[in-house]
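Only a predicted model underlies this, so the values are computations on that prediction, with no experimental measurement involved. Position 1 is the first residue of the sequence; numbering continues from there.
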Amino acid sequence: MLYTCFKMSAPIKSYVFGNKFKHFVLYSWKFPMRTNVPYNCYYNKPCMRFLSNTAQKERKKFKLKWVLLGGVALGAAVGGIGTILVPSFSWNGSAAQVKKVDEKVRTPIAPSRQINSKSDNSGLKLTLYQYQTCPFCCKVRAFLDYYGFSYNVIEVNPVLRKEIKWSNYRKVPILVCEEHGEKEQHLRDSSLIVSVMSTLLVRKGDSLEEVLKFFPTLSYSEDGKTKLEQLNRHAVMFGSEENKSAREEEKKWREWADNKLVHYLSPNVYRTPSESLQSFHYFSDVGEWERLFPAWERHLVVYVGAAAMYLIGKRLKKKYSMKEDVRETLYDACNHWVKAIGKNRSFMGGAKPNLADLAVFGILNSIEGCEAFQDVLQNSSLGPWYAKTKDEVRSRAGAGLLTEYCYDKHFQHKSELGVAGS
């Protein structure tokens with residue numbers, strides 16, 4: 001029989017490359033064990049003419065069921081992974097806004113971890129919904145850590161995303177803010193979160209609700225679809241013209257980080273199948289997926305995700321006109337950033353990091369454990385700046401501004417209560 005099958009070269013090619021492959025997957029392992037119908041070796045499936053109408057209907061139901069289940073599983077995994085780990089697929093232009101009436105009531109859940117800072121007496125209760133290795137989430141954490149905010153972290157399940165089922169916005173990061181026990185504000189979009197919280201720090205007399213008025217959402221129709229554009233998402237509202245050139249430079253490089261740098265990550269960390277799998281194992285370890293999520297979900301994301309993102313990375317390489325060796329594009333971007341800082345400054349902000357420094361650091365920090373990042377340190381001039389910025393973030397070097405904010409808010413609150421301060 002084997003000799004006969006191999007002699008059939010054309011049918012075998014048709015089997016391997018044509019529609020007969022689906023017959024092998026769907027029929028060969030099931031019906032020979034469970035039925036006594038004659039078996040067709042040529043097509044590797046039971047002879048349909050020997051099956052009753054009932055049996056054929058059952059076969060179709062079985063096939064449909066597994067196709068649907070496979071489609072749901074793969075779609076959930078790749079869809080979830082796409083929003084987590086492919087910055088270019090994550091629409092990062094949503095509004096920071098007060099909770100909408102069509103959103104469900106947020107159900108409090110135990111945080112994955114808590115970040116406590118002694119310098120934070122602001123009365124702000126912050127909860128960050130995130131993926132640990134999402135570049136946009138890393139950018140928000142870099143900002144919060146540098147300025148010394150206390151906040152809770154809720155790690156979102158990358159497949160089911162049940163932790164944010166209360167929100168009609170199905171992406172991260174989402175920063176939930178409560179100011180002195182007042183109504184929650186749900187801030188969306190990483191750059192917008194940073195701009196809103198920075199404006200809150202410098203405009204010490206304004207409440208969070210008043211600050212949000214500086215960041216309106218423009219709604220418009222294009223090709224019959226309603227689109228939203230967030231205004232001022234890279235701007236900090238100081239209320240004065242002081243240091244205007246420095247602010248413009250900061251804004252320019254924040255935009256560069258969002259529009260250029262972040263899109264170079266995926267084609268690099270998913271450059272080869274082995275590199276893609278290594279990256280996902282790193283994401284699992286640093287995100288504590290083993291502790292937080294069921295084993296089947298973790299394995300689904302790691303293995304299906306690694307395969308899917310390897311293929312998607314190839315498409316992104318072409319979309320963003322990257323060099324044949326995508327590493328070269330990433331090296332060039334990092335060298336371009338360091339050159340812009342210059343030899344006379346430690347950071348883009350001068351002696352201390354500014355928001356552009358924190359944005360670039362946060363984005364690159366998301367791939368710190370990946371092979372691509374180690375190659376960047378060895379083949380570009382990024383290393384010294386990155387190490388210094390990491391030290392500044394870890395030590396909460398910007399906490400002085402938050403301390404001033406807390407001091408002013410404390411006496412403002414006492415004044416509103418009619419209590420004289422000394």
Side-chain angles (χ1 to χ4, degrees), residues 74-94 130-140 156 158-159 161 170-173 189-191 227 233-234 253-284 286-287 300-337 359-377 379-380 382:
L74 184 61
V78 177
I81 294 159
T83 58
I84 305 165
L85 304 166
V86 188
S88 55
F89 285 3
S90 299
W91 180 55
N92 208 32
S94 175
Q130 66 147 30
Y131 304 130
Q132 183 66 20
T133 52
C134 164
F136 301 121
C137 299
C138 291
K139 183 167 60 172
V140 172
V156 175
V159 176
R161 288 177 281 180
R170 303 297 291 167
K171 295 186 177 74
V172 292
D189 178 280
S190 59
S191 293
K227 295 190 176 183
R233 57 190 292 263
H234 291 101
W253 286 101
R254 289 180 67 193
E255 292 173 345
W256 174 83
D258 282 352
N259 299 330
K260 294 287 187 179
L261 178 63
V262 74
H263 297 307
Y264 301 151
L265 299 190
S266 292
N268 274 278
V269 297
Y270 311 124
R271 184 177 59 161
T272 65
S274 60
E275 204 170 337
S276 183
L277 185 59
Q278 183 270 331
S279 296
F280 269 85
H281 280 302
Y282 165 68
F283 298 152
S284 177
V286 74
L300 179 68
V301 172
V302 169
Y303 291 102
V304 176
M309 296 310 300
Y310 166 70
L311 298 175
I312 292 174
K314 300 300 181 185
R315 293 174 54 193
L316 297 179
K317 171 186 173 181
K318 184 177 181 180
K319 179 178 180 179
Y320 294 106
S321 303
M322 299 177 68
K323 293 182 178 180
E324 183 62 28
D325 182 357
V326 292
R327 284 287 199 275
E328 294 295 331
T329 303
L330 187 57
Y331 299 157
D332 290 347
C334 293
N335 287 329
H336 180 54
W337 163 253
V360 174
F361 169 79
I363 287 171
L364 293 174
N365 180 250
S366 68
I367 63 167
E368 187 175 292
C370 298
E371 183 180 329
F373 185 77
Q374 302 309 314
D375 288 346
V376 166
L377 294 183
N379 295 280
S380 76
L382 182 77

Can you tell me how far [atom2] of [Y] sits from [atom1] of [X], rounded to the nearest 0.5 angstrom?
| X | Y | atom1 | atom2 | value |
| --- | --- | --- | --- | --- |
| S190 | D258 | OG | CG | 5.5 Å |
| M309 | K314 | CE | NZ | 12.5 Å |
| L364 | C138 | CG | SG | 10.0 Å |
| S266 | R315 | OG | CZ | 12.0 Å |

Between [X] and [Y], does any side-chain N to carboxylate O distance fall below 4.0 Å?
| X | Y | result |
| --- | --- | --- |
| K317 | D325 | no |
| K260 | E255 | no |
| E324 | K318 | no |

Per side chain to side chain contact (heavy atoms under 4.5 Å, CB included), C370 is matched among V269, D375, L265, V376 by V269
Exactly one candidate in H281, Q132, E368 meets side chain to side chain contact (heavy atoms under 4.5 Å, CB included) with V286; the answer is Q132
field: Step-by-step side-chain hydrogen bond (donor to acceptor under 3.5 Å, both in side chains) determination, S191 to K139
entry: CA-CA 8 Å; S191 293; K139 183 167 60 172; 3.1 Å; yes
Is there side-chain contact between [X] and [Y], with at least one heavy-atom pair below 4.5 Å?
| X | Y | result |
| --- | --- | --- |
| D332 | K323 | yes |
| L382 | N335 | no |
| W337 | L261 | no |
| V301 | F283 | no |
| Y303 | L277 | yes |

Tested for ring pair (Phe, Tyr, Trp, His ring centres under 6.0 Å) against H336, the lone hit among W253, Y264, Y331 is W253
Has the side chain of [X] got a donor or acceptor atom that lies under 3.5 Å from a matching backbone atom of [Y]?
| X | Y | result |
| --- | --- | --- |
| S366 | I363 | yes |
| S279 | E275 | yes |
| R271 | S276 | no |
| T329 | M322 | no |

Worksheet item: Does Y270 have its ring centroid less than 6.0 Å away from the ring centroid of F280?
Response: yes
Scanning both residues in full, the closest heavy-atom pair of C134 with V172 reads SG-O, 4.5 Å
Residues Y310 and P273: closest non-hydrogen pair is CE1-CD, 3.5 Å
Test log, rule side chain to side chain contact (heavy atoms under 4.5 Å, CB included), inputs K171 and Y131:
CA-CA 10 Å; K171 295 186 177 74; Y131 304 130; over 6 Å; no
(message) Side chains of N268 and R327: any donor to acceptor distance under 3.5 Å?
(response) yes
